[in-house]
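Have a look at the structure below, then the notes.
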Amino acid sequence: MINGNEVIVRRAEQTDIDGLVARSSALFAEDAGARDPGVDINWPRKHGPQRFSSGLTDPSRLLLVADGDDGEVVGCLAGTLVEPSAMKRVKVATLVSRYVRPAYRRDRIGGRMVDAFRAWAKESGAGSAQVTACATNAEAIRFYERNGFASQSVTLEAAL
């Protein structure tokens, strides 16, 4: 809650595309753009509208928004499902991205979005949920650990 108004977490709709692009752009600039020189921080503006639009009706994708004052999108979450394979025998839900505007970060909006993601994953038959965070983003790692995620593997990378 901010300014006395309750923030609503809900499934995204077509009218939320601009807000999804804006929040995704902020995430890229604040996180990956500052931590991974290989990331195109303009990806959300170039490809986000089409990517988010196609995800609205795809049952293997989840797009959530958090509505703040006056219906402004103050947070977003994207998730996907991957069907079982010969190698990985369970359906896996991946929390692809999550962002909450700084002024709203202490209101448990991120946690509510993660709770909704986990409920969707479970209802969709996923056997596990995963998320990736930049190793240097200690705040994100702590957030995900507080929300029930634990380290499963470590990815090491070398620039070539």
Side-chain angles (χ1 to χ4, degrees), residues 9 12 16-66 73-122 124-160:
V9 173
D16 297 314
I17 298 299
D18 288 345
L20 286 164
V21 169
R23 297 296 73 85
S24 185
S25 294
L27 173 63
F28 272 59
E30 182 180 316
D31 188 32
R35 293 176 167 80
D36 184 348
V39 170
D40 177 3
I41 64 168
N42 295 311
W43 183 93
R45 299 229 183 267
K46 293 178 189 173
H47 305 285
Q50 186 280 329
R51 178 76 175 151
F52 294 133
S53 289
S54 68
L56 293 174
T57 57
D58 183 341
S60 69
R61 292 174 55 201
L62 174 69
L63 293 170
L64 296 175
V65 294
V73 173
V74 299
C76 63
L77 180 144
T80 62
L81 291 170
V82 176
E83 293 297 324
S85 68
M87 180 186 286
K88 185 76 170 181
R89 298 181 313 199
V90 299
K91 186 184 284 190
V92 176
T94 301
L95 196 164
V96 176
S97 64
R98 177 197 55 84
Y99 184 81
V100 177
R101 284 188 47 213
Y104 293 79
R105 289 191 181 157
R106 298 292 175 225
D107 294 335
R108 187 141 163 66
I109 296 164
R112 289 173 44 212
M113 288 192 297
V114 169
D115 290 347
F117 163 77
R118 291 172 66 120
W120 168 79
K122 189 173 184 175
S124 299
S128 68
Q130 63 184 17
V131 64
T132 302
C134 289
T136 59
N137 192 341
E139 185 177 338
I141 292 167
R142 281 191 305 274
F143 170 84
Y144 289 119
E145 288 173 343
R146 282 193 314 269
N147 283 277
F149 291 87
S151 293
Q152 178 69 23
S153 62
V154 175
T155 301
L156 305 172
E157 186 173 325
L160 301 177

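Under a cutoff of 6.0 Å and an axis angle of 45°, R118 and F149 form a cation-pi pair.
We find the CE-CG distance between M113 and L62 to be 10.5 Å, quoted to the nearest 0.5 Å. Rounding to the nearest 0.5 Å places CD of E139 at 10.0 Å from CG of D31. Summarising the geometry, atom OG1 belonging to T80 is positioned 9.5 Å from atom CG belonging to D58; distances are rounded to the nearest 0.5 Å. Remark: Q152 CD to Q130 CD distance equals 9.0 Å, nearest 0.5 Å. Residue D36 holds its CG atom at 9.5 Å from OG1 of T136, rounded to the nearest 0.5 Å. Note that the OG atom of S151 and the OH atom of Y144 stand 13.5 Å from one another [nearest 0.5 Å].
No side-chain heavy atom of R98 sits under 4.5 Å from any side-chain heavy atom of V131. Counting only heavy atoms from C-beta outward, the side chains of S54 and R61 approach each other to under 4.5 Å. When side chains are defined from C-beta on, F52 counts as touching S24, because their heavy atoms get closer than 4.5 Å. Taking the side chain as every heavy atom from C-beta outward, W120 and L81 approach each other to under 4.5 Å. With a 4.5 Å cut-off on side-chain heavy atoms, I17 and L56 count as touching. With contacts defined as side-chain heavy-atom distances shorter than 4.5 Å, the pair D40/K46 qualifies.
Judged by distance alone, with hydrogens and angles left aside, the side-chain atoms of S85 form a donor-acceptor pair with the main-chain N or O of M87 at under 3.5 Å.
Under a cut-off of 6.0 angstrom, the local environment of CZ in R105 is crowded, with over 12 non-hydrogen atoms contributed by other residues, nucleotides or ligands.
F117 and L64 get closest at one heavy-atom pair: N-CD1, 4.2 Å. Residue G55 comes nearest to L63 through the heavy atom pair C-CD1, 4.0 Å, listed as atom of the first residue, atom of the second, then distance. Between R35 and C134, the shortest heavy-atom distance links the atoms CD-CB, 3.5 Å. What you find for G110 and F143 is that their closest heavy atoms are C-CZ, 3.4 Å. Between S128 and V90, the shortest heavy-atom distance links the atoms OG-CG2, 4.3 Å. Closest approach of I41 to G33, counting heavy atoms only: CG2-CA, 3.3 Å.
Using a 4.0 Å cut-off between charged nitrogen and carboxylate oxygen, R108 and D115 count as a salt-bridge pair.
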